[in-house]
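Note that ligands are numbered from 1 as they come in the structure, with each ligand's atoms numbered from 1 the same way.
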Amino acid sequence: MTVCVESVAEVRAQAAEARRRGLRIGLVPTMGALHEGHASLIRAARAECGWVAVSIFVNPTQFGPGEDFARYPRPLEADAALCRREGIDLVFAPSAAEMYPAGFATAVRVAGLSEKMCGAFRPGHFDGVCTVVAKLFALVQPDAAYFGEKDAQQLAIVRRMAADLNLPVEVRGCPTVREPDGLAMSSRNAYLSPGERRQALALPAALAEARRAMETGERDAARLAALVRQRLAAAKGVELQYVAVVDPDTLEDLAIIGGQVLVALAARVGTTRLIDNVLLRRLPDPRANRTE
Ligand code: PAF
């Protein structure tokens, strides 16, 4: 049975009871408007944990002025139904006042990682994310928490925060779920008109070019980024914000690609800001072990 609660006291009590029963606790933090991508996180949590909570909270502190906080979709009934279908134990859907009561004055900030890539275009965004995720970790005290690899920067930052603060939680990344035509699933895809939806396919197409280039031997990060930039410059209706070719853990820019590499981008399609990325691995050079 899925229990839906709105208060901090109730979520604490429910999680404490699960802990008392010796169950492994999983947490899937979300902002709602749940889709297959969220469902895959939920299923990963269900597979590994005896008790799973999903939080649904459109967190105001991670939206900047002029961003889409007010119009962000909030289909709470449909979200709760998905959670019931997926066998979730607890849905925690607090109000903003419950999460940030009068006098709230604390922020959690992961310096450095939070300022680059999306952080350069959304100042303060990751401080809002870290603060709310830290609160959710404190309330639920999960053994494991599940995040999508589509938000690769968020995942790296939450991992850093958990390590830096010695939080006893395993931060799990789950693969991006895509529509059949390749568009990464996102609650914000709902903003796209049919024409914009087609234009947005340039994002996964550009990343697929990066993958092909790596597969055919490209090792130079600047050339890889230029390839993605060129592909998107030629795409109608797409306004690129950044392309980053970075280490997936540290988010440091790479020059020559040695092992794993994250190629991440953000772009506006119409008024909608979309992000996407691909995690690539340098394949061993077949000539490396050849004996002459
Ligand atoms: O990825 C999201 O949906 C949000 O950033 C999160 C992690 C739920 C924090 O509000």
Side-chain angles (χ1 to χ4, degrees), residues 6 8 11 26-42 44-45 52-64 67-76 78-80 82-83 88 90-96 98-100 104 106-110 113-114 117-119 121-140 142 144-162 165 167 169-177 184-191 251 264 266 272-277:
E6 294 175 4
V8 157
V11 75
L27 171 66
V28 183
T30 82
M31 296 207 300
L34 303 180
H35 49 65
E36 258 315 294
H38 296 108
S40 76
L41 305 182
I42 288 173
V52 178
V54 171
S55 63
I56 297 178
F57 179 56
V58 185
N59 173 35
T61 64
Q62 69 187 76
F63 289 80
E67 290 190 348
D68 56 341
F69 174 67
R71 71 164 178 151
Y72 199 87
R74 292 165 168 83
L76 190 55
D79 288 348
L82 184 146
C83 290
I88 285 303
L90 184 89
V91 172
F92 175 45
S95 65
E98 184 70 10
M99 289 300 271
Y100 301 112
F104 188 92
T106 300
V108 180
R109 170 142 182 265
V110 174
L113 272 67
S114 297
M117 297 163 63
C118 285
F121 294 86
R122 306 187 69 190
H125 166 69
F126 290 113
D127 300 358
V129 170
C130 286
T131 304
V132 82
V133 170
K135 280 175 69 74
L136 291 167
F137 284 179
L139 290 172
V140 177
Y146 297 79
F147 296 84
E149 287 176 354
K150 189 187 140 253
D151 297 296
Q153 184 173 12
Q154 169 172 281
L155 180 59
I157 290 172
V158 170
R159 283 200 166 121
R160 183 78 262 161
M161 174 185 80
L165 300 181
L167 303 178
V169 56
E170 290 164 33
V171 177
R172 292 263 201 265
C174 301
T176 301
V177 178
M185 288 202 182
S186 162
S187 305
R188 290 189 168 99
N189 290 351
Y191 299 152
L251 304 182
T272 307
R273 184 176 188 277
L274 298 175
I275 58 172
D276 201 352
N277 69 74

**Asked** What residues form a side-chain contact (heavy atoms from CB on, under 4.5 Å) with Phe121, not counting sequence neighbours?
**Response** Gln241, Tyr242, Arg273
**Prompt:** Are Val129 and Ser114 side-chain neighbours, meaning at least one heavy-atom pair lies under 4.5 Å?
**Reply:** no
**Asked** Hey, which atoms in ligand 1 end up nearer than 4.0 Å to a heavy atom of Val132?
**Response** 9 (C), 10 (O)
**Request:** Considering the heavy atoms of Pro29, write down every atom of ligand 1 situated less than 4.0 Å from one of them.
**Result:** 8 (C)
**Item:** ligand 1 contact on Val158 by region, counting heavy-atom pairs under 4.0 Å
**Value:** neither
**Asked** Under 3.5 Å, is there a donor-acceptor pair between the side chain of Gln153 and the main chain of Cys118?
**Response** yes
**Request:** Considering heavy atoms of the protein only, find what lies nearest to atom 9 (C) of ligand 1 and give residue, atom and distance to 0.1 Å.
**Result:** Gln62 OE1, 3.3 Å
**Complete:** for atom 1 (O) of ligand 1, nearest protein heavy atom and its distance come out as Gln154 NE2, 2.8 Å
**Message:** Rounded to the nearest 0.5 Å, what separates atom NZ in Lys135 from atom SG in Cys130?
**Reply:** 14.0 Å
**Request:** Measure the acute angle between the ring planes of Tyr100 and Phe57, then classify it against the limits of 30° and 60° as parallel, tilted or perpendicular.
**Result:** tilted
**Asked** Considering distance alone, does some N or O of Thr30 sit under 3.5 Å from an N or O of ligand 1?
**Response** no
